[in-house]
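Data first, discussion second: the structure below is written as structure tokens.
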2 protein chains.
Amino acid sequence: MTNESEKNHRRAILDAARQILIQDGYKNLSMRKIARQIGGSQGTIYLYFQNKDAIFYALIDEGSEKLYGLYETILNTPAEPQEHLTRICQAYINFGLENPSYYEIMHITLPMMTERFPKEQYRRARRFLELTAQTLQTCAAQKGETLSEPYLEATLLWATMHGVVSLIIAQRIDIRLDRERLIEQTIHRATSHYL
Amino acid sequence: MTNESEKNHRRAILDAARQILIQDGYKNLSMRKIARQIGGSQGTIYLYFQNKDAIFYALIDEGSEKLYGLYETILNTPAEPQEHLTRICQAYINFGLENPSYYEIMHITLPMMTERFPKEQYRRARRFLELTAQTLQTCAAQKGETLSEPYLEATLLWATMHGVVSLIIAQRIDIRLDRERLIEQTIHRATSHYL
DNA sequence: GGTGTTCAGTGAACACCGTTCATTTTTTAC
DNA sequence: GTAAAAAATGAACGGTGTTCACTGAACACC
């Protein structure tokens with residue numbers, strides 16, 4: 001190993017992996033490449049991660065944490081619940097589009113190509129849904145209503161957002177369509193029920 | 001090679017690839033494994049496909065064709081346009097859930113792990129959207145309305161359906177939720193605007 | 001200082017991978 | 001029956017993820 005960073009090899013490995021992922025794609029991410037990037041040898045990585053998949057799992061965790069943090073920040077800023085709802089939807093989509101490497105790892109890439117993901121980790125990656133469900137409840141409450149299945153409704157909302165984000169990232173959307181308008185319409189349609 | 005099937009090595013390779021994909025996942029699909037399965041050698045496959053990615057491309061094409069066929073069958077069966085709309089939405093979701101290997105290859109797997117997909121092929125995989133747009137137009141027409149951007153609206157609908165299907169396939173949906181209800185609600189919410 | 005123990009770090013080695021291509025086998029055409 | 005063409009092979013190349021016997025620096029104790 002080079003020098004400094006006593007215990008931050010883990011961090012360095014994760015950063016290197018993410019950088020390579022962005023730059024060269026999944027197919028070109030290898031343990032040896034990460035090792036070269038951090039200035040160590042391939043064996044070293046195995047002192048910090050059980051295997052290649054574990055690196056992905058760690059990145060997913062980081063991504064989930066990041067998204068959850070964004071939601072918390074928004075919801076801790078005082079505003080009408082409807083405003084909160086719109087903002088978290090925008091935040092979700094922006095998060096996906098601005099962090100495609102996180103997003104792809106979190107949602108698109110993994111299930112097929114690694115062994116099945118530890119359940120506990122899936123659960124944590126879903127924490128933002130609880131915040132969504134709460135927000136939906138608050139919106140409904142303001143209209144004098146109560147949602148009988150807020151968590152299901154949050155999941156519906158999630159699915160819609162995820163659909164747009166993943167199709168955009170995968171470049172599957174017809175280029176003739178205006179991306180901004182598509183996003184705006186998606187949010188509008190998906191949330192209008194609660195406004 | 002074994003015997004029979006003069007020119008259907010292509011078919012055999014595709015079937016073998018799909019079977020291995022279902023059984024062992026992407027990570028365990030290799031050219032040598034396909035070769036073993038069809039009873040040939042690894043080099044043989046290269047007589048029928050340029051490389052491993054080309055096998056995926058062919059499977060995507062098959063999947064697109066299959067989906068388009070389903071849509072055509074539904075739309076050629078006389079019914080109210082609203083009925084058509086609901087049916088194609090159901091068909092899309094069912095197609096995804098019943099053919100996860102096709103679906104994952106078509107939408108989830110590829111962009112990250114292979115070189116960028118030929119544009120022409122993406123276009124063909126999107127043909128079903130034109131049928132969707134038409135159906136939406138017909139629905140609107142019956143209400144005396146005209147959609148200014150039917151293709152955008154079809155894409156919105158697609159994104160929503162894709163969101164649910166991909167989250168379900170990836171097993172990301174909370175197991176406490178009722179899957180049937182989630183699907184039913186998704187279709188209901190996504191189409192109610194046009195009914 | 002010397003000695004023993006620990007442990008992060010190494011990189012050769014193993015069994016695989018996708019892909020190429022000289023060679024062999026099979027089929028076809030005469 | 002034989003020559004030409006086509007199809008199929010599998011060894012070889014340079015990569016992969018992962019393991020593990022080994023190194024050598026750091027520390028504790030005498």
Side-chain angles (χ1 to χ4, degrees), chain A residues 1-21 23-60 105 109-118, chain B residues 1-21 23-60 105 109-118:
Chain A
M1 291 293 323
T2 46
N3 45 349
E4 66 229 346
S5 70
E6 291 294 337
K7 212 43 190 264
N8 307 53
H9 292 168
R10 232 188 108 87
R11 222 345 345 111
I13 292 166
L14 289 175
D15 289 340
R18 217 158 57 76
Q19 210 226 83
I20 295 167
L21 224 40
Q23 221 166 65
D24 309 328
Y26 177 83
K27 257 192 143 173
N28 297 306
L29 174 64
S30 77
M31 296 303 249
R32 283 168 175 83
K33 212 171 204 168
I34 296 173
R36 245 175 282 140
Q37 183 115 157
I38 63 166
S41 83
Q42 73 268 31
T44 306
I45 300 174
Y46 288 85
L47 299 175
Y48 300 93
F49 295 94
Q50 226 194 349
N51 52 36
K52 197 179 172 184
D53 285 358
I55 297 177
F56 286 104
Y57 297 157
L59 286 174
I60 291 181
I105 296 165
T109 310
L110 271 155
M112 258 199 132
M113 54 217 215
T114 72
E115 308 314 322
R116 270 308 164 210
F117 197 50
Chain B
M1 292 290 324
T2 45
N3 45 350
E4 66 230 344
S5 71
E6 292 295 337
K7 210 45 190 267
N8 307 54
H9 292 169
R10 231 188 109 87
R11 232 320 8 101
I13 292 166
L14 289 175
D15 289 341
R18 219 159 55 76
Q19 210 225 83
I20 295 168
L21 225 39
Q23 222 166 63
D24 310 326
Y26 177 83
K27 257 193 143 173
N28 298 306
L29 175 64
S30 76
M31 296 303 250
R32 284 168 173 84
K33 211 170 204 168
I34 296 173
R36 245 174 281 140
Q37 183 114 157
I38 63 167
S41 81
Q42 73 270 32
T44 306
I45 300 174
Y46 289 86
L47 299 174
Y48 299 92
F49 294 93
Q50 225 193 350
N51 53 34
K52 197 179 172 185
D53 286 357
I55 297 176
F56 286 102
Y57 298 157
L59 286 174
I60 291 180
I105 295 166
T109 308
L110 271 155
M112 254 199 135
M113 56 219 218
T114 72
E115 308 313 322
R116 269 312 162 207
F117 197 51

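Proteins get letters first, then strands, A, B, ... in listed order; numbering begins at 1 in each. For clarity, every value in this text was computed on a predicted model and none was experimentally measured.
Nearest nucleotide to the side chain of T44(B), out of dA8(D), dT10(C), dA13(C): dA8(D). Nearest nucleotide to the Y48(B) side chain, out of dA8(D), dG9(C), dT19(D): dA8(D). Relative to the side chain of H9(B), the nucleotides dA8(D), dA12(D), dG11(C) differ in distance, and dA8(D) lies closest. You'll find that the side chain of S41(B) is closest to dT9(D), out of dG17(D), dG18(C), dT9(D). Looking at the side chain of Y46(A), the nearest of the listed nucleotides dG18(C), dG11(C), dG17(D) is dG17(D). Candidate nucleotides dT18(D), dT19(C), dC17(C) were compared by shortest atom distance to the side chain of M31(B), and dT19(C) ranks first. Candidate nucleotides dG18(C), dG9(C), dT9(D) were compared by shortest atom distance to the side chain of K52(B), and dG18(C) ranks first.
S41(B) and A35(B) make their closest contact through C-CB, 3.5 Å (heavy atoms, listed as atom of the first residue, atom of the second, distance).
Rounded to an integer number of Å, the gap from N51(A) CG to dT18(D) P is 5 Å. Rounded to an integer number of Å, the gap from NZ of K33(A) to P of dG14(D) is 17 Å. Atom P of nucleotide dT18(D) and atom NZ of K27(B) are separated by 6 Å, given to the nearest angstrom. Between the CD atom of Q50(A) and the P atom of dG17(D) there is a distance of 16 Å, given to the nearest Å. Rounded to whole Å, the distance from CG on N8(A) to P on dA8(C) is 15 Å. Between the P atom of dA7(D) and the CD1 atom of I13(B) lies a distance of 13 Å, rounded to the nearest Å. Protein atom CD1 of I55(A) is 8 Å distant from nucleotide atom P of dT18(D), rounded to whole Å. Summarising the geometry, the separation between CD1 on I38(A) and C1' on dT10(C) is reported as 12 Å, rounded to the nearest angstrom.
K33(B) places a side-chain N or O within 3.5 Å of a backbone atom of N28(B) that can act as its donor or acceptor partner.
In this structure, I34(B) reaches neither bases nor backbone, as no heavy-atom distance under 4.0 Å exists between it and the strands shown. Nucleic acid contact for L29(A): sugar-phosphate only, since backbone atoms but no base atoms lie under 4.0 Å from a heavy atom of the residue.
Y26(B) and F56(B) have tilted rings, their planes meeting at an angle from 30° to 60° on a 0 to 90° scale.
Each of G43(A) and R36(A) was matched to the nucleotide of DNA chain D holding its nearest heavy atom; the match closer to the 5' end belongs to R36(A).
Side-chain contact between R11(B) and D15(B) is present, with at least one heavy-atom pair separated by less than 4.5 Å. Within the 4.5 Å cutoff, side-chain heavy atoms of L14(A) are placed close to those of I55(A). With contacts defined as side-chain heavy-atom distances shorter than 4.5 Å, the pair H9(B)/I38(B) does not qualify. F49(B) has its side chain out of reach of D53(B): every pair of non-hydrogen atoms, C-beta onward, lies at least 4.5 Å apart.
At a cut-off of 3.5 angstrom, the base of dG15(D) holds no donor-acceptor pair with the side chain of R32(A).
Annotation: the span from R32(B) atom CZ to I45(B) atom CD1 amounts to 10.0 Å, rounded to 0.5 Å.
In DNA chain D, the stems built from three or more successive Watson-Crick or G-U pairs (distances below 3.5 Å) are C:1-30 with D:1-30.
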